[in-house]
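Here is how names work: the chains are called A, B, and so on, in the same order as the sequence lines, proteins then strands, and each is numbered from 1.
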There are 2 protein chains.
Amino acid sequence: MTNEQTILIVDDEAAIRDMIGIALDTAGFSSMTAETALEAHVNIVDRRPDLVLLDWMLPGGSGIELARRLKREELTADIPIIMLTAKTSEDNKVQGLDVGVDDYVTKPFSPRELVARIKAVLRRSTGNLRDKPIRVFDLELDPASHRVTLDDHAVDMGPTEYRLLNFFMTHPEKVFSRDHIQDQVWGANVYLEERTVDVHIGRLRKALTSASGPGINYAGLIQTVRGAGYRFSTRPD
Amino acid sequence: MTNEQTILIVDDEAAIRDMIGIALDTAGFSSMTAETALEAHVNIVDRRPDLVLLDWMLPGGSGIELARRLKREELTADIPIIMLTAKTSEDNKVQGLDVGVDDYVTKPFSPRELVARIKAVLRRSTGNLRDKPIRVFDLELDPASHRVTLDDHAVDMGPTEYRLLNFFMTHPEKVFSRDHIQDQVWGANVYLEERTVDVHIGRLRKALTSASGPGINYAGLIQTVRGAGYRFSTRPD
DNA sequence: GCTAATATGTCATGAAAATGTAACATTTCA
DNA sequence: TGAAATGTTACATTTTCATGACATATTAGC
């Protein structure tokens, strides 16, 4: 399978983590685990999973705290969260929904149900906002098909360049430092040389250039801001 | 950069404090230290560091206590904390300290990793608030896109001229001596010839002039105050 | 499981831009 | 007018970027 989606399982009980892990594996997801809210937070920031399964009843009640925090911080706000909770009380649901959690699954649950919910949430969250193609002039990036087209011709680029372009197109007209770009495109705390960003910028530009017709060169949309970083802008440099 | 960020190192071992201090210094941070939780708390309240590196194995387990307290008190809740932990073997205890710490680093760690994580956390916690564009007549400086426009046309200038203009536009109608300008634009403890400021003022004026249309010359906004320094003012000289 | 094809990250190098300084020109004002 | 203050220019040096080459890692296809 091309792009396996990664789910982070946050639960203090090993048995539950294992059970869910197997279920996800069977369903074609890749998974990682965390026992504590702190560990989870670090994992999320560092590796940017596609979805988080979060046990409500983490020791210290920190599950809710974590959810609130994730939704508050810009870097992680768009990662969908499904709460795992033992209780069925309305209170909890209301409280959690306030936090901006995407769905609930109450224990005990069947693996089948869990997987169904995960797929639903992923469909929804990647379906609503991000699934809409982003277009700038004749350059279109379509997350649904994971494809970039220029004048209706496919633009050939590597996965990293795709993510890079996606990030830029969703954050136009702003400068980003190389560090910031690394956070967003590679995940925080991935130690790369700063120049690596330059190289991938170069590759992205080249891809756009060789796909551009005789008119505008779309590589010009990706602008170097000396001493500051890079910027995606439709306005001349 | 103008304002050096300050990191508070809280550890009872002098060797570790020194090692970290040197690493931070090399990375361009300024640092201060505390040996005990009490001392740390006083320092934090008094001097408001930009980030706290906190050893959670402080004598008496007071490291955790301090973290919890800092995150509970409104005055200090927004100061990011990175925990320094010995090992993950103590998972039971670790669970108890999910108090909203921003990241943790396990000893032994490389200075490089530590600095990278510090930067990542600082970026996360402060990166969000970006300033709004500042506009004077048709001259606009937009920090978000790191761009200066005049009548919607980009004004080309070097990084230093950008910082200079940014400083002036955020402090209009006031004279500043060359020394003061140096402190603000180049940073304190940087020694330059006084003439250097003049040169950059000149470059900034030239940039504004060549971007100005036939109407007003925007270079006139940057006024020489003989014997005193320079001033950014919308009123005629 | 193995191999070929892709993709990735790092480095070295050269080019371009930015910077600080000194020298010289010009303006200001007593 | 002339000394002090400021403006301007040229240039050597430093910093920052772009890019091709390469070694490694990952993926896809068989």
Check: A:F232 ring centroid to A:H171 ring centroid under 6.0 Å | no
Would you say A:R178 reaches D:dT16's phosphate, i.e. side-chain N/O to OP1/OP2 under 4.0 Å?
-> no
Min side-chain heavy-atom separation A:L51-A:I79 under 4.5 Å | no
For DNA chain C, which residues in residues 190-208 of chain B have a heavy atom at a distance below 4.0 Å?
-> B:L192, B:E193, B:T196, B:V199, B:H200, B:R203
D:dG7 phosphate, OP1 or OP2, under 4.0 Å from B:Y230 side-chain N/O | yes
Could you state the atom-to-atom distance from CD of B:E161 to C1' of C:dA18 in whole Å?
-> 8 Å
Does A:T224 have a side-chain nitrogen or oxygen under 4.0 Å from the phosphate oxygens OP1 or OP2 of D:dT16?
-> no
Atom CG of B:L164 and atom P of C:dA18: how far apart are they, to the nearest Å?
-> 15 Å
Would you say the side-chain atoms of A:D142 pair up with the backbone N or O of A:A144, donor to acceptor, closer than 3.5 Å?
-> yes
Note: A:I9 and A:R17 closest approach over all heavy atoms is CD1-O, 3.9 Å
In whole angstrom, what separates B:D179's CG from D:dA5's P?
-> 14 Å
Below 4.0 angstrom from OP1 or OP2 of C:dG20, is there any side-chain N or O of B:W186?
-> yes
Between B:P80 and the options B:V101, B:L53, B:D102, B:I7, the side chain to side chain contact (heavy atoms under 4.5 Å, CB included) test singles out B:D102
Quick one: which of D:dA4, C:dT8, D:dA18 gets closest to the side chain of B:R226?
-> D:dA4
Between B:D156 (CG) and C:dA17 (C1'), how many Å, whole number?
-> 10 Å
Over 12 foreign heavy atoms within 6.0 Å of CG, B:D156 = no
Rounded to the nearest Å, what distance is computed from the CD atom of residue A:Q223 to the P atom of nucleotide D:dC17?
-> 14 Å
What are the two closest non-hydrogen atoms of B:V136 and B:M169, and how far apart are they?
-> CG2-CE, 3.9 Å
Please state whether the phosphate of C:dT19, meaning OP1 or OP2, lies under 4.0 angstrom from any side-chain nitrogen or oxygen of B:T160.
-> yes
